[in-house]
Amino acid sequence: MKILLICPQPQTATALEAFSDKFGHTISSCSEIRDAQAALESWRADLIVFEMGQDASARLSLIEGHKLRNPAVTLALVGDGSDSQIAEALRSGAEAYLTAPLRPKLLQLTLSPLLRNAQLTSLATTAQDEAARVQEELQGSLERQKEAITEKELTYRELLLAYSQLQELNQQKNNFLASATHELRTPVTVIKGYHRILLDGRLGELAPQQREVLQESEQSCTRLIKIINSLLELSRIESGKLELFYQDYDLAANFKLIVSQMKEFSKRKRLSVVLKLEKELPRLRCDREKINQVLANLLENAIKYTQPGGKIFISARPHFWDRAASSGTGRPDVQGVASVLLNALVIQVSDTGIGISPEHQQEIFDQFTQVSSNQMDRSGLGLGLAISKRIIEAHGGRIWVDSQVNSGSRFTFLMPLNPVEAPVTAANKHSH
Ligand code: ADP
């Protein structure tokens, strides 16, 4: 430990040096009283030994001042041992008073406990400083955390507000879309009706050229009505008004009907359409019109996006759908083990067409999405698959695509055989 000797008499210095040597302490000394103040400030000693000498009262006031500023400092005074000196020394706050000349045994008995005490005090001070530093750091980090939380709360509130504004805007858009398309449908249907009257020759025979122009115009009307119906349907779905009317569904009969309705279209492109249905297909419960709409959309796309001369396959087979195993991926394993526990139907529409690149395979199920690189047919609006997905999912099913560019696409949808049917209310029975 460090001992500072101030103004020691030669004998005092010798005795203390011997004591320090014996116990491994370090000693520094300052022989002049005028240097004492600087030595006290610069040399952080564990023990200060102060020789009283002649001008004792000046020295004592120096010590008192120092003790006042550094209450933890340990002080020992050395003097001639008169009663008045001892009394003054104790008033100054010194821990010990040693009578000169110093005897080694007495020095050891007095100074060793003082030094141990000083060591403990210094350890306690360091620990206290460390505790204060840690507390300050904790306080700082607490403040920072508080600030972060306030910031997060603000962002969360702003997000909520933005979300509700967006929802409102979306609702306004849906309302506008619904009323605009509704207003459009009536006149277009009337125009189409007049085309039919003219084409049927009810207002007189038509010249071949007139017939041709009118036929083309009628087809445009049909396309327009289809788009209007899709928009109306989507806005109905968007506002949560997709209602399903469950009934028994004869899959073979309905699929054959859809294929025959598209025959004209597929023949024009010299496409062969193969319908491959397993003989003993279980009966499905679903909304017949809506499932027919999905199938028609998939078949129409297959025809649209396949080059002339290509092939289209439609298949249906029973399947064991392990929902737990496929949850989250949205893509059940259709190759899974066949089981007596058949609980679903797998329906697939495949083509040998232009295919869809991997980065577009998810987004084509979003509304108004068309693959920009796919310029083959831009007649639609990119709504068919978005509507189909909602219809299938409303039945508790899943739909996805596997495809390779320039090789073809395979759309698969899974339909549960025992869907959880939402009860049909009096209101929606009426609207149906
Ligand atoms: P659209 O009315 O544009 O056909 P869909 O929602 O039915 O709208 O399809 C979205 C897009 O997905 C299409 O524009 C097309 O780019 C792509 N697509 C759909 N089916 C096929 C398919 N069988 N082969 C290649 N691309 C397809």
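When a ligand or atom number is given, it counts from 1 through the structure's own listing order. Side-chain atoms are counted along with the backbone in the values below, which use heavy atoms only and exclude waters and symmetry mates.
For ligand 1, the polar-atom distance check finds no N/O of Ile354 at less than 3.5 Å from any of the ligand's N/O atoms. Taking distance alone, with nitrogen or oxygen atoms compared against 3.5 Å, Gly384 approaches ligand 1 more closely than that limit.
Taking every heavy atom of Leu383 and a limit of under 4.0 angstrom, the matching atoms of ligand 1 come to 6 (O), 8 (O). Every atom of ligand 1 is numbered from 1 in the order shown, and the set under 4.0 Å from a heavy atom of Gly382 is 1 (P), 2 (O), 3 (O), 6 (O), 8 (O). Shown in contact with Lys304 at under 4.0 Å from a heavy atom are these atoms of ligand 1, numbered in order with element: 1 (P), 2 (O), 4 (O).
Taking a 4.0 Å cut-off on heavy atoms, Ser409 registers as neighbouring ligand 1. Heavy atoms of Phe365 come nearer than 4.0 angstrom to ligand 1 in no pair at all. Every heavy atom of His360 sits 4.0 Å or more from the atoms of ligand 1.
The number of heavy atoms from other shown groups lying within 6.0 Å of CG (Asn418) does not exceed 12.
The proximity of Asn297 to ligand 1, defined as any non-hydrogen pair under 4.0 Å, is limited to the side chain.
For the atom pair CD1 (Ile291) and CZ (Arg285), the distance works out to 13.0 Å, reported to the nearest 0.5 Å. Between atom CD of residue Glu212 and atom OG of residue Ser217 there is a gap of 13.0 Å, rounded to the nearest 0.5 Å. For the atom pair CD1 (Ile391) and CD (Glu289), the distance works out to 10.5 Å, reported to the nearest 0.5 Å.
With hydrogens and angles disregarded, no donor-acceptor distance shorter than 3.5 Å links the side chain of Lys311 to the backbone of Gly353. Using modelled atom types, one side-chain atom of Ser260 and one backbone atom of Leu257 make a donor-acceptor pair closer than 3.5 Å. Put simply, the side chain of Thr306 never gets that close to the backbone of Ile303: no donor and acceptor are under 3.5 Å apart. Between the side chain of His195 and the backbone N or O of Ile191, at least one donor-acceptor pair lies under 3.5 Å.
Selection from Val405, Thr306, Leu385 by nearest heavy atom to atom 5 (P) of ligand 1 gives Leu385. Of all the listed residues (Ile303, Ile364, Val349), Ile364 holds the heavy atom that lies closest to atom 12 (O) of ligand 1.
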